[in-house]
Amino acid sequence: MHPLLRPAAPSRRRVLAGAGAALVLSALLPARMTHAEAQGPAEGAGALAPKPGTRVAAFLEIHPDGTIRLLSPFVEGGQGIATGMAQIVGEELDVPPSRFVVECAPPGPDYAVVNGIRMTGGSFSTRSSYETMRRLGATARDLMIRAAAARLKVQDGELTTRDGVVLHAATNSSLSYGDLAADALKLKPNDTVPLRDPKTFRYIRQPVPRLDVRDKSTGRAIYAIDQTVEGMLYAAVQHAPRLGTEPMGLANEAEIRAMPGVHSVHRVPGAVAVAADSWWRARKAVEALKVEWSAAKPSGIDTVAADFSSDGMLAALKAATEPGHVAEEEGDVAGAFAKAAKVVEAEYEAPYLAHAQLEPPSAIARFDRDGTLDVWLPNQMPEVFQAVSAKVAGLQPAQVRIHSPMLGGFFGRHFTYDAGNPFPQAILLARATGRPVKVLWSREEEFSRDAVRPLSFSRFRAALDASGQPTAIEARTVGEGPIGRYFGMMMQTPVDPSAVEGIVEKPYAVPNRRMTFTKVAHPVNIAFWRSVGHSMNDAFYESFLDEVAQAGGQDPFALRMALLQGSARHRTLLSTVAEMSGGWQRGPYRAEGGMRARGLAMASPFGSETATIAEVSVEGGEARVHNLWIAFDPGSIVNPAIVKAQVESAAALGLSSVLFEQIVYRDGVRQSQNYDTYPVLRREHMPKVHVRIVESGAPMGGVGEPGLPGVPPAVLNAIAALTGQRIRALPVANSKLTAA
């Protein structure tokens, strides 16, 4: 996801309802405004949306026992954002993060802290909200100090805080934040509270333990797949074999209705569904349905035709003749090629990829007596899902309550994606049955309908001078990206940034550059996928740069160092990753009884910088990665343990994608229906991953995705160094390797 996404703020505004003796800071609002918001869209002054992240009321409850309830703008899905938010707010509030209970906030304009929108994705969460959440904690702490000063009849400056307690050293007096609740409620928040000096930080930049570890390790964590509501039915679905076709007839509907536990049989867009008293009964029934499906278009790529294939789609991308739109241009590219001593050319391609998350998608929908709708569903943008749910239900967004549980993984899976999610089915079935309905997709249905990373194709050319140095690079990318697919109306350019990122804005000082983008739409449902365009484009560019080095008789490390003369930040990363690996050596060389080689790559995703070295051998015709060394510069950090874990997990996913993963279409149908036909990285393939965080002091970058893009090209470059085989079509598993 990218900062250009700025959808209008949703109309519904909500406040938090406290329980018992909790200090609900929403009471700081005037009573009239609070009442209006509790009822729905406000009027008059209450209709003015606050600056996102500024109302302490929308975020914090402080309880008498000292615990803090934080309503986070972000969804927790294993990336550690709940812990990070507790560290940031707790630092300024002066409360240990361990005393926080962090939950995902409901839809509302207060939480639009990511460049004017709200989402958990694009590695934006911490960097977009860091200053805002610090100020939130500082504002709440100031309320406590001022309330204590009034109670003790002293000046604010005579007071300090420690671990949720206001202290007056002169009289040895202390008051807990919970004790100060009633007085704090009467005060107006101060908009200009100073923030702490980073030199005094106790929690930020420390490896604070994850808040969710205990619940996850004891089975108490509740995911969407675990949720239930009273009186609900379970529903299972059978999707059409080809996207875009519909159920026409059911040959054995009466037989299915008579099966044990079956409540009803339904047709929904692109699928049939059975509702029953258990999911297993619903699944067995829907799988037994004999469905006549509408016919797909015989041929073409404007729809998922009867003859659609990934090979055919790739051929269409390669055959595209449109000149394309300029994504980046610098210098005189044509002149450089005219004077070139040597020209290097190469084509690269990457397949469709599934998200293949462990938790299959599910959703619960319940219509309430007052006509409103509750929806429980995994998501990364609550307000967007609120709006789409309202449209499906024929309601206004203010009539829809979205509940956002902990996710069983992100990877870009949890956006709306048209037919790629079960929540519209749950809403339609709840309406049809008059009961709450939980829809859970089987693993096979998830593989058949998951939105996929786009298949991609790029063509490169480079001009080299007589000394072997590149004087020009030209790249042509053909295809489609998810930004253009889902947010094209907001783009200010015909160039889809998610299709060209990782190819444009590289740090290398090649004087003449020209990158173009030609759009060829995919008929299949495409998606964001961890690190988006960087996930394949950095593999293309960095692999090609190694080809340029080889053609010019240059060492790939030395060439990169030479092209980065003007960037101390990047040169530091290169030097660091070389030092981590014991010194750069390309190989081949003998190690532990066999031949190995190393590959190098850099990437600049989501405001962060990485340098990666992979060490590879070949065993039985397959690549075996033994070590990954990653130097990672996100500018600055909040929790080094979480940063390291995120880089390691991203590296694993990047390795899985380059070695094994692919979705293949044949005759309009996906050939992978489960993990047995969609291989992913197994434990025995996982290398040692060595991560070093390098804080350059640059503006804070992302963390969740940047560890991925450098891994595929580093592996590809290592394979080329070891075998002499340059793999330009992913994944590596499609190629039989032989050691040189």
Side-chain angles (χ1 to χ4, degrees), residues 317-318 324 327-331 333 336-337 340-350 456-465 468-479 499-518 533-564 570 574 586 597-605 610-614 654 657-658 709-721 723-732 735:
L317 298 186
K318 291 183 176 182
E328 181 179 54
E329 191 165 31
E330 183 71 30
V333 173
F337 276 99
K342 182 181 287 189
V343 173
V344 184
E345 297 182 300
E347 295 180 350
Y348 289 86
E349 61 194 63
S456 182
F457 170 74
S458 290
R459 183 178 289 118
F460 288 80
R461 289 201 312 153
L464 278 63
D465 63 19
Q469 295 296 312
T471 58
I473 288 184
E474 186 173 47
R476 170 180 164 84
T477 293
V478 184
V500 299
E501 60 187 2
I503 292 177
V504 299
E505 299 180 0
K506 300 294 283 187
Y508 305 115
V510 178
N512 305 291
R513 305 181 304 278
R514 190 172 194 270
M515 319 299 180
T516 63
F517 168 69
T518 298
H534 284 281
S535 65
M536 61 273 194
N537 288 338
D538 279 297
F540 297 169
Y541 192 104
E542 292 290 312
S543 293
F544 183 65
L545 192 58
D546 259 39
E547 294 202 55
V548 170
Q550 181 177 1
Q554 306 287 317
D555 175 82
F557 183 89
L559 176 61
R560 285 174 172 81
M561 274 295 198
L563 295 176
L564 294 170
H570 293 92
L574 275 178
R586 185 169 184 256
R598 295 182 181 182
L600 172 70
M602 301 198 75
S604 305
T610 66
T612 304
I613 291 176
S657 70
V658 71
V711 172
V715 171
L716 295 174
N717 290 336
I719 291 172
T723 68
Q725 295 172 253
R726 174 56 65 178
I727 296 175
R728 301 188 182 95
L730 301 179
V732 172
S735 302

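Residue numbers start at 1 and run along the sequence shown.
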Answer whether the closest heavy-atom distance between the side chains of L545 and L563 falls below 4.5 Å.
yes

What's the shortest heavy-atom distance between G502 and Y541, and which atoms?
O-CB, 3.7 Å

Flag the pair R514 and E330 as a salt bridge only when some basic side-chain nitrogen lies within less than 4.0 angstrom of an acidic carboxylate oxygen.
no

Counting distance only, does the side-chain N/O of S543 pair as donor-acceptor with the main-chain N or O of F540 below 3.5 Å?
no

Between the side chains of K342 and D465, is the shortest nitrogen-to-carboxylate-oxygen separation below 4.0 Å, so that they form an ion pair?
no

With a distance cut-off below 6.0 Å to the six-membered ring centre and an angular limit of 45° from the axis, does R459 pair with Y348 as a cation-pi contact?
no

At what distance, to the nearest 0.5 angstrom, does CD of E328 lie from OG1 of T516?
11.5 Å

Non-hydrogen atoms of P712 and S657 that approach each other most closely
CG-OG, 4.2 Å

Side chains of L600 and L574: does their closest heavy-atom pair fall under 4.5 Å?
yes

Worked check of salt bridge (Lys or Arg N to Asp or Glu O under 4.0 Å) between E501 and K506
CA-CA 9 Å; E501 60 187 2; K506 300 294 283 187; over 6 Å; no

Quick one: pull up CE in M561 and CG in L559 and give me the separation to the nearest 0.5 Å.
12.0 Å

Minimal heavy-atom distance between G468 and Q554, with the atoms involved, is O-CG, 3.8 Å

dist F337:CZ -> L464:CG (nearest 0.5 Å) comes out at 9.0 Å

Counting only N and O atoms by type, is there a donor-acceptor contact under 3.5 Å from the side chain of D538 to the main-chain atoms of P709?
no

Kindly indicate, with the supporting measurements, whether the criterion salt bridge (Lys or Arg N to Asp or Glu O under 4.0 Å) is fulfilled by E347 and R461.
CA-CA 9 Å; E347 295 180 350; R461 289 201 312 153; over 6 Å; no

Should R726 and E547 count as side-chain neighbours, where that means a heavy-atom distance under 4.5 Å?
yes

Contact summary for V344 and F544, nearest pair of heavy atoms
O-CZ, 3.6 Å

With rounding to the nearest 0.5 Å, note down the distance linking CD1 in I719 to OG in S735.
8.5 Å

What is the minimum heavy-atom distance between F460 and I503, and which atoms define it?
CZ-CD1, 4.0 Å

Between S458 and R476, does the side chain to side chain donor-acceptor pair (under 3.5 Å) criterion hold? Intermediate values first, please.
CA-CA 5 Å; S458 290; R476 170 180 164 84; over 6 Å; no

How long is the span from the OG1 atom in T610 to the NE2 atom in H534, to the nearest 0.5 Å?
9.5 Å

Closer than 3.5 angstrom, by distance alone: can the side chain of N512 be matched with the main-chain N or O of T471 as a donor-acceptor pair?
yes

Rounded to the nearest 0.5 Å, what separates atom CD in E505 from atom CZ in R513?
10.0 Å

Heavy atoms only: give me the nearest H570-M602 pair and the separation to one decimal.
O-CE, 3.7 Å

Give the intermediate values and the outcome of salt bridge (Lys or Arg N to Asp or Glu O under 4.0 Å) for residues R560 and D555.
CA-CA 9 Å; R560 285 174 172 81; D555 175 82; over 6 Å; no

When you look at CD of Q550, are more than 12 heavy atoms from neighbouring residues, nucleotides or ligands closer to it than 6.0 Å?
no

